[in-house]
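Naming convention: chains lettered A, B, ... in sequence-line order (proteins, then strands); numbering from 1 in each chain.
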Protein chains: 2
Amino acid sequence: MSVEAAAPTRPMRADARRNYEAIVRVASEAFAEHGTQTSLDDIASRAGVGPGTLYRHFPNRDCLLEASLVDSRHRLLALGERLLDADDADDALDEWMFALARHAGTWDGLADSIAQSLNNEKSPLGASCGAVITATRKLLERATALGSVTADASARELFIMAGSLAWAADRAARGEGSGTGEDELPRLLALLMRGLR
Amino acid sequence: MSVEAAAPTRPMRADARRNYEAIVRVASEAFAEHGTQTSLDDIASRAGVGPGTLYRHFPNRDCLLEASLVDSRHRLLALGERLLDADDADDALDEWMFALARHAGTWDGLADSIAQSLNNEKSPLGASCGAVITATRKLLERATALGSVTADASARELFIMAGSLAWAADRAARGEGSGTGEDELPRLLALLMRGLR
DNA sequence: ACCTGAACACCGTTCAAGT
DNA sequence: ACCTGAACACCGTTCAAGT
C-alpha cells in the first residue's frame with residue numbers, strides 16, 4: 001500500500017533507546033507543567049542529553065508531542081472499540097466526545113497543536129489523528145442511524161469541536177472568581193450535544 | 001471611582017504620535033498576515049522605529065493587540081447597542097454571537113490571546129473585554145426573559161464560546177480537501193444556539 | 001520627553017567533531 | 001550509529017547614550 005519501502009528497523013542501540021525514553025518521559029512532565037510550547041532545549045537538558053540528540057530522535061516539536069501521546073491515544077482508541085459494542089449508541093457518542101475532549105485537553109495548548117497539525121501533511125501528529133477521526137465517524141454513523149442525531153456534522157468537525165470545547169473549558173475555568181475554577185467541560189459538551197439532536 | 005489619579009495626559013509630541021500610529025498601522029497588517037504571534041521586532045523595523053520605541057508605547061504584546069483592536073471593538077459595541085433595540089431578542093442574540101465570533105477571529109491566534117488575557121489582571125486586552133461581556137449579558141438576559149433560551153450559560157461563557165467557535169471554524173476550514181476551505185462558522189454557531197434553546 | 005540601537009538572555013536548529 | 005556541544009540566526013526586552 002505504502003510507497004516507501006518498509007524500513008527494516010533494527011533494534012535501537014541500548015544507549016539510544018535509553019535516551020529516547022528519557023526524553024519522552026521528561027517531555028510529558030514538561031508539557032504537563034508548562035504546556036505544549038515549553039522549551040525543547042530545556043527538555044533536552046532535563047533529560048541529560050544535548051539538543052542535537054533530541055532533534056535526532058524528534059526532528060520537530062510535533063514528533064515529540066506525537067511520541068508523548070501514543071499511550072493516551074492507544075487507550076482512547078480501545079475505548080472507541082468498546083463503545084462500538086455499547087447498547088445505547090447515543091450514550092456511546094456522548095462518552096466518546098467527552099473522552100476525546102479530555103484527550104485534547106491533556107496539556108495546555110495541545111488542542112491547538114493538534115488542530116494545526118491536521119492541516120500539515122508533514123506532521124506525524126496530524127497523521128495519527130486519522131484513526132481517531134475514523135473511530136469518531138463510526139460512532140457518529142451509529143448514532144445517526146438511530147435517528148436521534150439530526151444536525152449534519154462530519155466526523156472531522158466533531159473531532160475539531162471536541163478540541164474546541166477542551167480549549168474553551170480550559171479558558172473558562174481559570175480565574176473565574178476567588179475559588180478554584182470548576183470544570184465546565186461537561187456542561188459545554190452537553191450544550192453541543194443538545195445542538196446536534 | 002478609580003484609585004489612580006486621572007493622568008493629565010498632555011497631547012503627544014508630534015513625532016511620538018506619528019510613531020505610535022505607524023506602529024499600530026503596521027501591526028494590524030502584520031497580525032493579519034502572520035497571526036498574533038508575529039515578531040514585534042519585525043513590526044518595529046517595518047514601522048521604521050527601533051524596538052525600544054515600540055516597547056515605550058506598548059510595554060507588551062497585549063497592549064499592542066489592544067491598541068490595534070479599538071476601532072473594531074468600537075464598531076462591535078455600537079452594534080450591541082443597536083441590537084438591544086431590535087424587535088426579536090432571539091435574532092439579536094444570534095447576530096451578536098456571530099459578530100462576536102467574527103471579532104475574535106479577526107487574526108489567527110486572536111481568540112487565544114483574548115482568552116488568555118481574560119485571566120490576566122495586568123492585561124489591557126483583558127480589561128477591555130469587560131464592556132463586551134456586559135453587552136453580551138444584556139442581550140442574553142433579554143433573550144432569556146423571552147423564555148426561548150433555556151440552558152443556563154453565563155455571559156462570560158458565551159463570550160468564550162464565541163472565541164472557541166472562531167477557533168474551530170478557522171481550523172476546520174483549512175486544507176479540508178483540494179478546494180478552498182469554506183466558512184463553517186455559521187453552521188457551528190447554529191449548532192451552539194440550538195443547544196442553548 | 002522621546003528616540004535609538006547596542007546589548008543581554010534565550011530559544012530552535014544545524015553540524016563538525018568525537019566515541 | 002549515535003552523541004555532544006559549539007555555533008548560528010532569531011526574538012523579546014532593557015537601558016545607557018543621544019537629541
Side-chain angles (χ1 to χ4, degrees), chain A residues 7-27 30-31 33-68 108-109 112-113 116-117 120 122-125, chain B residues 7-27 30-31 33-68 108-109 112-113 116-117 120 122-125:
Chain A
T9 48
R10 283 184 295 162
M12 248 184 215
R13 225 170 66 178
D15 58 342
R17 165 159 295 277
R18 209 158 36 232
N19 283 335
Y20 182 100
E21 286 169 358
I23 291 170
V24 170
R25 181 158 24 84
V26 169
F31 290 144
E33 202 170 347
H34 300 111
T36 57
Q37 292 307 312
T38 193
S39 155
L40 298 185
D41 239 54
D42 190 52
I43 291 176
S45 20
R46 278 215 257 168
V49 303
T53 303
L54 187 147
Y55 277 88
R56 162 167 282 271
H57 288 298
F58 311 100
N60 55 53
R61 176 174 250 107
D62 271 13
C63 291
L64 183 52
L65 281 172
E66 160 58 20
S68 307
D108 186 36
D112 207 73
S113 296
Q116 294 274 11
S117 74
N120 183 352
K122 309 280 183 59
S123 169
L125 184 59
Chain B
T9 48
R10 282 185 295 162
M12 249 184 214
R13 224 170 65 179
D15 57 343
R17 165 160 295 277
R18 209 159 34 232
N19 282 336
Y20 182 100
E21 286 168 358
I23 291 170
V24 170
R25 181 157 24 85
V26 169
F31 289 144
E33 202 170 347
H34 300 111
T36 58
Q37 292 308 313
T38 193
S39 156
L40 297 185
D41 239 54
D42 190 53
I43 291 176
S45 19
R46 277 215 257 168
V49 303
T53 303
L54 186 148
Y55 277 87
R56 162 167 282 270
H57 288 299
F58 311 99
N60 55 52
R61 175 174 251 107
D62 272 13
C63 291
L64 183 52
L65 281 172
E66 160 59 20
S68 307
D108 186 37
D112 207 74
S113 296
Q116 295 273 10
S117 74
N120 183 352
K122 308 281 182 59
S123 170
L125 184 59

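D/dA9 atom C1' lies 14 Å from atom CG of A/Asp41, rounded to whole Å. Taking atom CG of residue B/Asp42 and atom P of nucleotide D/dT13, one finds them 15 Å apart after rounding to whole Å. Taking atom CG on B/Leu40 and atom C1' on D/dC11, their separation rounds to 9 Å, with Å as the unit. The CG-P distance, from B/Leu64 to D/dT13, rounds to 11 Å in whole Å. At whole-Å resolution of the value, OH in B/Tyr55 and P in C/dC8 are 18 Å apart.
The shortest distance between side-chain heavy atoms of A/Asp108 and A/Thr36 does not fall below 4.5 Å.
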* Asked: What pattern of brackets, bars and dots sums up DNA chain D from 5' to 3', given Watson-Crick or G-U wobble pairs under 3.5 Å, [ ] for crossing pairs and | for another strand?
  -> ||.|||||...|||||.||
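Here salt bridge (Lys or Arg N to Asp or Glu O under 4.0 Å) pairs that include residues 44-61 of chain B, with residues two or more places apart or in two chains, are B/Glu33-B/Arg46, B/Asp42-B/Arg46.
Under the rule for a ring pair (Phe, Tyr, Trp, His ring centres under 6.0 Å), the partners of B/Phe58 that lie at least two apart in sequence or sit in another chain are B/Tyr20. Under the side-chain hydrogen bond (donor to acceptor under 3.5 Å, both in side chains) criterion, B/Glu21 pairs with B/Arg17, sequence neighbours left out. A/Ser68 is linked by a side-chain hydrogen bond (donor to acceptor under 3.5 Å, both in side chains) to nothing, counting only residues two or more places apart in sequence or in another chain. Here B/Thr38 pairs with nothing under the side-chain hydrogen bond (donor to acceptor under 3.5 Å, both in side chains) rule; sequence neighbours left out. Scanning for side-chain hydrogen bond (donor to acceptor under 3.5 Å, both in side chains) contacts around A/Asp112 gives B/Trp167, B/Arg171, with sequence neighbours left out. For A/Pro124, the side chain to side chain contact (heavy atoms under 4.5 Å, CB included) test picks out A/Asp62, A/Cys63, A/Glu66, with sequence neighbours left out.
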Between the protein and nucleotides 2-6 of chain C, are there any N/O to N/O pairs under 3.5 Å, and if so, what are the atom names and distances?
unit_1	atom_1	unit_2	atom_2	d
C/dC3	OP1	B/Asn19	ND2	2.8
C/dC3	OP2	B/His57	NE2	3.4
C/dT4	OP2	B/Thr53	OG1	2.9
C/dG5	O6	B/Gly52	N	3.4

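For D/dG12, one of the phosphate oxygens OP1 or OP2 lies less than 4.0 angstrom from a side-chain nitrogen or oxygen of B/Ser39.
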